[in-house]
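Shown next, in structure tokens, is the structure this report addresses.
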2 protein chains.
Amino acid sequence: MKISTKGRYALRMMLDIARQGEGAVVSLKDISGRQEISVKYQEQIVMQLGRAGFLSSVRGPSGGYKLVRKPSEYKVGEILRSIEGSLAPVACLDGEENQCGRCGYCETLSFWQGLDEVINRYVDRFTLQDLLDECQGQG
Amino acid sequence: MKISTKGRYALRMMLDIARQGEGAVVSLKDISGRQEISVKYQEQIVMQLGRAGFLSSVRGPSGGYKLVRKPSEYKVGEILRSIEGSLAPVACLDGEENQCGRCGYCETLSFWQGLDEVINRYVDRFTLQDLLDECQGQG
DNA sequence: GAAATTCCCAGTGGTATAATAGGGTAAAAG
DNA sequence: CTTTTACCCTATTATACCACTGGGAATTTC
């Protein structure tokens, strides 16, 4: 039951950009220095975050990426879901095309639905700002 | 963020055995008929459930497996964890040997800890009996 | 002793993940 | 016009895990 590396990195990158201040344009190279994630790998992630409408970009020297909204307007859940596709703990919940034939009489389905709800409620309860506030004192 | 097939099957198998009544000895072949899981695959799962002390076995004809405790005394969480190892959403929480070097100043660690707690609290809130009760009317 | 079952180890094919490598184009700053 | 950056592909690798199978030994019942 693991979040993928991409999902974890995406969160750290968003947080890193947010931490540089409002409207800051941050290059992948800079993020790489702080977060120890290769620029090449970041490219793959940032592309998805851009398509999701979470980041805008500036080209050229001193270019980079910046947040589109304020940190308080990003739920952690939507960032994770945009990378992971879904946080559902079982495939049956990912969409009708993934349902198994046992759905009608599955004894465990509602249990899994409940778990899915609990997970999504939790990750949607936090914004980037919340995570920033939590560790003001730190590096 | 998916539970493995083994974890899902383990829960269904435990539930299947529980459903056959108190003290019932259930063969893998019988479970296979109802749950559509190959006997061979079940063997691997049941071995782990046995080692965890959840099931005891009876060899020979009309042998099989039976619950050691009452259904109300099995938390779903302990069954899942015995198969999955851990339900932690990130490896850093799996034990000290898995911590990354960033632990000391990781902005996301406490967020993940919270998610881990929420997940484990949920799965430990249900027992096999709870799941049985939920779908008395069904197949 | 034949059949049914658990027990146990070994193997296998597939798929996804994590990451790197390398190519290039486009835009902007100085 | 050079440099720096984003943008956008297509691989390739390595590896780990997953889902599942096979072969056979031990045990018990009849």
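Chain A is the first sequence line, chain B the second, and so forth, proteins listed ahead of strands; every chain is numbered from 1. Since the structure is predicted, the reported quantities are computational estimates derived from the model, not experimental observations.
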Nearest-angstrom distance from the residue atom [atom1] of [X] to [atom2] of [N]:
X     : N      : atom1 : atom2 : result
B:R8  : D:dC18 : CZ    : P     : 12 Å
B:Y65 : C:dC8  : OH    : P     : 9 Å
A:M1  : D:dC17 : CE    : P     : 17 Å
A:Q42 : D:dC8  : CD    : C1'   : 16 Å
A:I83 : C:dT17 : CD1   : C1'   : 14 Å
A:L28 : C:dA19 : CG    : C1'   : 16 Å
B:K6  : D:dC18 : NZ    : P     : 8 Å
A:E43 : C:dA21 : CD    : C1'   : 12 Å

Which nucleotide, [options], lies nearest any side-chain atom of [X]?
X     : options               : answer
B:T5  : C:dT5, D:dC18, C:dT20 : D:dC18
B:P61 : C:dC7, D:dT29, D:dC8  : D:dT29
A:Y41 : C:dT5, D:dT21, C:dT20 : C:dT20
A:R59 : C:dT20, D:dA6, D:dC20 : D:dA6

Any salt bridge linking [X] with [Y]? Criterion: basic side-chain nitrogen under 4.0 Å from a carboxylate oxygen.
X     : Y      : value
A:K75 : A:D130 : no
A:E78 : A:R69  : yes
A:R19 : B:E107 : yes

Across the strands shown, which category fits B:V46 at heavy-atom distances under 4.0 angstrom: base, sugar-phosphate, nothing?
nothing
So A:G50, base contact, sugar-phosphate only, or nothing? Heavy-atom distance under 4.0 Å.
nothing
side-chain N/O B:S62 vs D:dT28 OP1/OP2, d < 4.0 Å
no
May I ask you to evaluate whether A:Y9 reaches the phosphate of C:dA19, defined as a side-chain N or O under 4.0 Å from OP1 or OP2?
yes
A:G63 or A:K40: which one's nearest nucleotide on DNA chain D is closer to the 5' end?
A:G63
Do B:Q44 and D:dT21 share a donor-acceptor pair, side chain to base, under 3.5 Å?
yes
Side chains of B:S110 and A:E134: donor-acceptor distance under 3.5 Å anywhere?
yes
Any donor-acceptor pair under 3.5 Å linking the side-chain atoms of A:S82 with those of A:Q48?
no
Nearest nucleotide by nearest heavy atom, which residue falls closer to the 5' end of DNA chain C, A:S38 or B:S27?
B:S27
